[in-house]
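Below is one structure; the comments refer to it alone.
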Amino acid sequence: MSVKTALRVIEIIETYAREKRALSLSELARLLDVPVSSCLALIRTLAELGYLYETGRRQGYYPTGRLLAMAQRIARADPVLDRVYPSLLELREATRETIVFAKLDAASRVVYLEVLDSPHTIRYAPVAGEFREIHANSLGKALLSQLPPPQRAELLARAPLTRFNARTLVEPAAVEADLQQSRERGWFSNISESIPDVGAIAWPLSLSGEHYAISVGGPVYRIEPQQAVYASILRAACTALEQDR
């Protein structure tokens, strides 16, 4: 029950992030697909703790600034992001494209730990906390390359690889060949293999014994011609981070 309750709280936060408006109890219950009585208990608890407030009589509830304040306090204390964030900023300034910092989670999915948006109006716009499949993602390929060959082979053979489109590599041997080519040329890429017209290049790094990766992503028409240039900048940043003990 405690796990289910925790999941409901996260779903409430994500619902407000998606809807961007005050929601009545009945609306929130409908969007969450839960009984109104269950939703009422959660709303009352969150309001009592200062995370929600009633915008007006019968006008619905909306999050207070407490949620943002707590999130910022947590983010400022992240020991890994505190170390890499200046480099991520420099990469965004140098490329003017979206920068993503990621690692593998326990289920061998790529999880985005931090995202710095490109200043361009047309840009790749993921959010921190998103997951991606490992075989059709530049970060995933970079992270795969760090695994011992037997572990990599087992991971790729564990289940059928999702085919997002005609460019997606779905055979383990094809993915392995792509990884080998990527190591030799100096960057791992995803050119419309998962999302049409979106491209990215990535490179791995190791921090305190843990494997991470950083990518530079954006529209294919901007990324593809600049792959070698961005890769050189990206490799230099990763090397500097690894040497900064």
### Message
Counting only heavy atoms from other residues, nucleotides and ligands, does the tally under 6.0 Å from CG of Asp33 exceed 12?
### Response
no
### Query
Passes side-chain contact (heavy atoms from CB on, under 4.5 Å), His135 versus Glu193? Steps please.
CA-CA 9 Å; His135 68 291; Glu193 293 175 37; over 6 Å; no
### Query
How are the rings of Phe188 and Trp203 set to each other: parallel, tilted or perpendicular (split at 30° and 60°)?
tilted
### Query
So, the side chain of Thr64 versus the backbone of Tyr53: is there a donor-acceptor pair under 3.5 Å, distance only?
no
### Query
So does Arg66 have more than 12 non-hydrogen atoms from other groups sitting under 6.0 Å from CZ?
yes
### Message
To the nearest 0.5 Å, what is the distance between CZ on Arg96 and CZ on Arg123?
### Response
11.5 Å
### Pairwise distance CG(Leu67) to CD1(Ile12) - rounded to 0.5 angstrom
11.5 Å
### Query
So how far is it from Ile13 CD1 to Tyr51 OH, rounded to the nearest 0.5 Å?
9.0 Å
### Query
Can you find a heavy atom in the side chain of Glu19 that is under 4.5 Å from one in the side chain of Leu31?
yes
### Message
Atom CD of residue position Gln72 - does it have more than 12 heavy atoms of other residues, nucleotides or ligands inside 6.0 Å?
### Response
yes
### Query
Does CG belonging to Leu40 count more than 12 external heavy atoms closer than 6.0 Å?
yes
### With Arg185 via salt bridge (Lys or Arg N to Asp or Glu O under 4.0 Å) - residues at least two apart
none
### Message
Using the rule given for salt bridge (Lys or Arg N to Asp or Glu O under 4.0 Å), can you reason through Glu154 versus Arg158, listing the C-alpha separation, both sets of side-chain angles and the distance that settles it, and then say yes or no?
### Response
CA-CA 6 Å; Glu154 187 276 331; Arg158 185 181 300 172; 3.1 Å; yes
### Message
Would you say that Ser38 contacts Lys4 through its side chain, given a criterion of any heavy-atom pair below 4.5 Å between the two side chains?
### Response
no
### Message
Does any part of the side chain of Ile214, heavy atoms only, come nearer than 4.5 Å to the side chain of Val84, both counted from C-beta?
### Response
no
### Query
Is there a donor-acceptor pair closer than 3.5 Å between any side-chain N or O of Thr98 and the backbone N or O of Tyr124?
yes
#### Entry: Straight-line distance of Leu32 CG to Thr15 OG1, nearest 0.5 Å
4.5 Å
### Query
Is there side-chain contact between Ser189 and Gln227, with at least one heavy-atom pair below 4.5 Å?
yes
### Message
Can a donor-acceptor pair be found, under 3.5 Å and without considering hydrogens, that links the side chain of Arg167 to the backbone of Pro196?
### Response
no
### Query
When you measure from the side chain of Ser232 to the backbone N and O of Val229, does any donor-acceptor pair fall under 3.5 Å?
no
### Message
Just by distance, no angles: are the side chains of Glu176 and Gln180 close enough, under 3.5 Å, to form a donor-acceptor pair?
### Response
no
### Query
Roughly how far apart are Leu52 CG and Tyr61 OH, rounded to 0.5 Å?
8.5 Å
### Message
Strictly distance-based, threshold 3.5 Å: is any side-chain N or O of Arg8 a donor or acceptor partner for the main-chain N or O of Leu42?
### Response
no
